[in-house]
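Following: one structure in C-alpha cells, then a few remarks.
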There are 2 protein chains.
Amino acid sequence: MNPAIGAAAAERPAAMAGHEVLAVVLQIRDDRLSVLLWRRARPPFEDRWVLPGGRLGDREGLGESVRRQLAQKVDVRDLTHLEQLETRGEPDRHPYGRMLATAYLGLVPADIDPVIPCDTHWHPASDLPPMGFDHAAMVHSGRRRLRAKLSYTNVGFALAPPEFTMSQLSRYYRAALGHDVAATNLRRVLLRRGQIEETGESVPSGRSGGRPAALFRFRTRRLEITDAFAVLRPPPEG
Amino acid sequence: MNPAIGAAAAERPAAMAGHEVLAVVLQIRDDRLSVLLWRRARPPFEDRWVLPGGRLGDREGLGESVRRQLAQKVDVRDLTHLEQLETRGEPDRHPYGRMLATAYLGLVPADIDPVIPCDTHWHPASDLPPMGFDHAAMVHSGRRRLRAKLSYTNVGFALAPPEFTMSQLSRYYRAALGHDVAATNLRRVLLRRGQIEETGESVPSGRSGGRPAALFRFRTRRLEITDAFAVLRPPPEG
DNA sequence: CCAAAAGTGTTAATGCTACACCCATGC
DNA sequence: GCATGGGTGTAGCATTAACACTTTTGG
C-alpha cells in the first residue's frame with residue numbers, strides 16, 4: 001500500500017481500504033448524450049472530474065447505495081433505469097490505498113432537469129473533460145452498454161419522457177447511438193417489437209406548420225429484451 | 001483452501017468483512033454444458049455446492065485473483081476466456097458477516113480435462129445440485145451471458161478445441177444454447193462472419209463410413225464482436 | 001451397391017433501410 | 001396555395017432456416 005503523502009494522507013490514515021460505488025448517470029440534454037460529473041476539490045486528482053458516488057455503507061446493498069448517494073449528493077432521484085456495469089479492483093487504481101469500485105449505469109429521462117450542486121455538471125459523453133482515477137473508462141463502458149441495449153431491449157423508455165413524438169424519440173436515439181436514426185423506420189421497428197404504442201393524442205404543429213405529430217408511449221417502463229436471438233435462434237416450438 | 005469463507009470466519013465473525021472472487025467455470029462435457037462446483041465441508045452451507053474462488057489478495061486485481069485461485073485450488077489453468085459477470089453485495093448474502101463477491105465467467109475448451117481435487121465436480125448447468133449462498137444465481141448469469149455472446153461474438157473459440165469438425169462444433173453450440181443447431185447452417189453463418197476458416201486438413205471417417213469431415217479453426221482466439229448492430233445500425237460510410 | 005456422414009444449392013421467410021409519395025396543418 | 005413536418009407504401013437488400021440433393025467414404 002502506498003505510503004501516505006503529505007496532508008491528504010492525514011484524512012485517510014493508514015488503513016484505507018474499502019469499496020465504493022460510482023454512477024455513470026446519462027441523460028440526453030440538448031440532443032447530446034451527457035454524463036453527470038463532479039469536480040474534485042482536493043487531491044488526489046484535484047480539479048479533475050470524477051463520477052458521483054462514494055463509500056458503500058455497512059448495511060446497504062450496492063444498488064441501494066448508488067441510489068442513496070445520487071439522491072444525497074447530487075439530488076438525482078429520477079432514475080428510470082439502473083444497472084450494474086463493472087467492478088474495478090486494480091490494486092493501484094486509487095493512489096492512497098486499496099479501493100474497489102463498482103460502477104452502475106443510471107439513466108434519467110430527457111424531460112427532467114435535476115437540481116444539482118454547483119460543483120457538478122453535465123458533460124457531453126463524447127467530449128469528456130480531464131477525468132480522475134479510472135472513471136473515464138467507466139463512462140465508456142456505460143456508453144457502450146447503452147448503445148448495445150438500445151438495439152435489443154426497450155431501454156429507450158429510460159431516455160424518453162412518458163409521452164413523446166417519433167421525431168423526438170429519433171433524436172434521443174440519434175444522440176445515444178451517435179448516428180442518424182430515421183424516425184419513420186424507428187417507428188416501425190419499435191411498433192413491430194411491441195415496445196411502443198400510440199396514446200391516441202397528438203401534438204399540434206408549431207408556427208411553421210406541418211402535420212400534428214402523434215404521441216407515443218413505451219408499453220412498459222421496465223427493461224425487457226425484445227430482440228434476443230438475432231441469429232442461432234431456437235427452432236420453432238415443437 | 002476454502003473457496004468461500006471457511007472456519008476462520010466462524011471463529012471471529014465480527015471481523016469478517018471483505019471481498020471474494022468466484023468463478024463460474026463452464027465446459028462442454030459429454031455434450032452437456034457443465035459447471036465446476038466445489039462441495040463445502042463446513043458451515044455455513046455445509047454439504048452444499050458452491051463456486052470455486054476465495055478472498056481477494058491484498059495486492060492483486062480481480063481477474064488476476066480468479067486465475068490464481070483457479071490454478072491453486074482446483075488446478076484449472078487452461079481458461080480460454082475469462083470475463084467479469086457481476087458483483088453482489090447484499091448485506092446478508094453471507095450469514096457470518098459482510099462479504100462482497102465478484103463473479104467471473106471462465107471457459108475451458110472441450111478437449112481439456114483438468115485434474116481437479118476430489119471435492120470438486122462438474123455438474124450439468126441445467127441440473128444444478130443444492131447450492132449455497134447466492135451462487136446458483138451466478139451460474140445462471142454465466143449461462144445467460146454465454147448464450148447471448150455465442151450469437152454476436154466469436155466466443156465459440158473458447159468452447160472448442162483448436163481444430164474441430166463442423167459437426168463437433170454444432171454439438172458444442174447445441175449444448176451451450178440448449179437447442180438444436182444445424183451444422184450446415186452454422187458453418188455458413190460462422191464462415192460469412194469470418195469467425196472460422198478451413199485448416200485444409202480433414203478427419204477420416206469412422207468405421208460406419210461417411211465422407212471425411214473438413215477441419216476448421218477459429219481465425220482468432222480472442223473475443224471479438226462479429227455481429228454488432230443487428231438493428232438500428234449506422235448508415236453506410238459517407 | 002448401400003448406408004452413413006459431410007457438404008452444396010436453392011428456396012422461402014424475415015426484418016430491415018431507403019426513398020418516393022401522401023396527409024394535415026399554419027400562414 | 002404552399003411550405004413544413006408527419007405518416008404510409010413499397011421495393012430492394014441482407015441474412016438465415018429448412019430441406020433436397022450431391023459427394024465421399026467404409027463395408
Side-chain angles (χ1 to χ4, degrees), chain A residues 31 150-153 163-174 177 179-216 225-238, chain B residues 150-153 156 163-174 177 179-216 225-238:
Chain A
D31 289 341
L150 277 173
S151 78
Y152 70 93
T153 71
E163 305 197 337
F164 48 83
T165 66
M166 286 314 299
S167 57
Q168 276 171 43
L169 191 65
S170 72
R171 282 204 306 278
Y172 302 144
Y173 273 71
R174 195 169 306 137
L177 293 173
H179 63 73
D180 202 50
V181 175
T184 180
N185 288 328
L186 183 63
R187 171 205 192 96
R188 276 191 276 230
V189 169
L190 299 187
L191 279 172
R192 163 190 278 276
R193 296 184 173 178
Q195 285 191 28
I196 59 173
E197 63 189 3
E198 279 189 81
T199 65
E201 314 270 303
S202 64
V203 163
S205 46
R207 48 183 78 76
S208 64
R211 177 168 168 173
L215 279 175
F216 289 80
I225 293 175
T226 58
D227 199 42
F229 302 115
V231 311
L232 302 179
R233 57 172 157 280
E237 274 312 292
Chain B
L150 277 174
S151 77
Y152 70 93
T153 71
E163 305 196 336
F164 47 83
T165 66
M166 286 313 300
S167 58
Q168 275 172 43
L169 191 65
S170 72
R171 282 205 305 280
Y172 303 144
Y173 272 73
R174 196 168 305 136
L177 292 173
H179 63 75
D180 201 50
V181 176
T184 179
N185 289 329
L186 183 63
R187 171 204 192 97
R188 278 192 275 230
V189 169
L190 299 187
L191 279 173
R192 162 187 278 277
R193 296 184 173 179
Q195 286 191 27
I196 61 174
E197 62 189 4
E198 277 189 82
T199 65
E201 315 269 304
S202 63
V203 162
S205 46
R207 50 183 78 75
S208 62
R211 178 169 169 172
L215 281 174
F216 290 80
I225 292 175
T226 58
D227 198 42
F229 302 119
V231 311
L232 303 181
R233 57 173 157 277
E237 274 312 292

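If you're wondering where the values come from, they're calculated on a predicted model, not measured in any experiment. Just so we're on the same page: letters track the sequence lines, and every chain starts at 1.
- Of the candidates D/dT24, C/dA24, C/dT10, the closest approach to any side-chain atom of B/Arg188 belongs to C/dT10.
- Between the CG atom of A/Leu177 and the P atom of C/dT17 there is a distance of 11 Å, rounded to whole Å.
- The side-chain heavy atoms of A/Leu169 and A/Phe216, taken from C-beta on, include no pair separated by under 4.5 Å.
- Nucleotide D/dA18 holds its C1' atom 15 Å from the NE2 atom of B/His179, rounded to whole Å.
- Distance from the side chain of A/Pro212 is smallest for C/dA24 among the nucleotides D/dG6, D/dT23, C/dA24.
- Residue B/Met166 is the one, among A/Arg211 and B/Met166, whose nearest nucleotide of DNA chain C lies closer to the 5' end (criterion: closest heavy atom).
- The nearest whole Å value for the distance from the CD atom in B/Glu198 to the C1' atom in C/dA6 is 11 Å.
- Pairs passing the salt bridge (Lys or Arg N to Asp or Glu O under 4.0 Å) check and including a residue from residues 201-214 of chain B, sequence neighbours excluded, do not occur.
- One can place CG of A/Leu191 at 11 Å from P of D/dG7, the figure rounded to the nearest angstrom.
- Listed pair A/Ser208 / D/dA3 fails the phosphate criterion, with no side-chain N or O lying under 4.0 Å from OP1 or OP2.
- Judged by distance alone, the side chain of A/Arg174 and the main-chain N or O of A/Val181 form a donor-acceptor pair under 3.5 Å.
- With D/dG26, C/dT25, D/dT23 as the candidates, the nucleotide lying closest to the side chain of B/Ser205 is D/dG26.
- Here the nucleotide nearest the side chain of B/Arg192, chosen from D/dT16, D/dT25, D/dT4, is D/dT16.
- Regarding A/Asn185, its CG atom lies at a distance of 12 Å from the C1' atom of D/dT10, rounded to whole Å.
- For A/Arg207, the listed nucleotide lying nearest its side chain is C/dG26; candidates were C/dT17, C/dG26, D/dG6.
- The listed nucleotides are C/dG7, C/dA6, C/dA24; the one nearest the side chain of B/Arg187 is C/dG7.
- In this structure, B/Thr184 reaches the bases: a heavy-atom distance under 4.0 Å links it to at least one base atom across the strands shown.
- Across all strands shown, B/Ala214 has heavy atoms under 4.0 Å from sugar-phosphate atoms exclusively, and none from any base.
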Do B/Asp227 and B/Arg193 pass the salt bridge (Lys or Arg N to Asp or Glu O under 4.0 Å) test, and can you show the C-alpha distance, the side-chain angles, and the key distance before you say yes or no?
CA-CA 8 Å; B/Asp227 198 42; B/Arg193 296 184 173 179; 3.0 Å; yes

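- One can place CD of A/Gln168 at 13 Å from C1' of D/dG5, the figure rounded to the nearest angstrom.
- Taking 4.5 Å as the limit, some side-chain heavy atom of B/Met166 sits within range of a side-chain heavy atom of B/Ile196.
- To the nearest angstrom, P of D/dC19 lies 17 Å from CG of B/Leu186.
- Atom CZ of A/Arg171 and atom C1' of D/dG6 are 13 Å apart (whole Å).
- When heavy atoms are screened at a 4.0 angstrom cut-off, B/Thr165 is found touching no nucleic acid atom at all.
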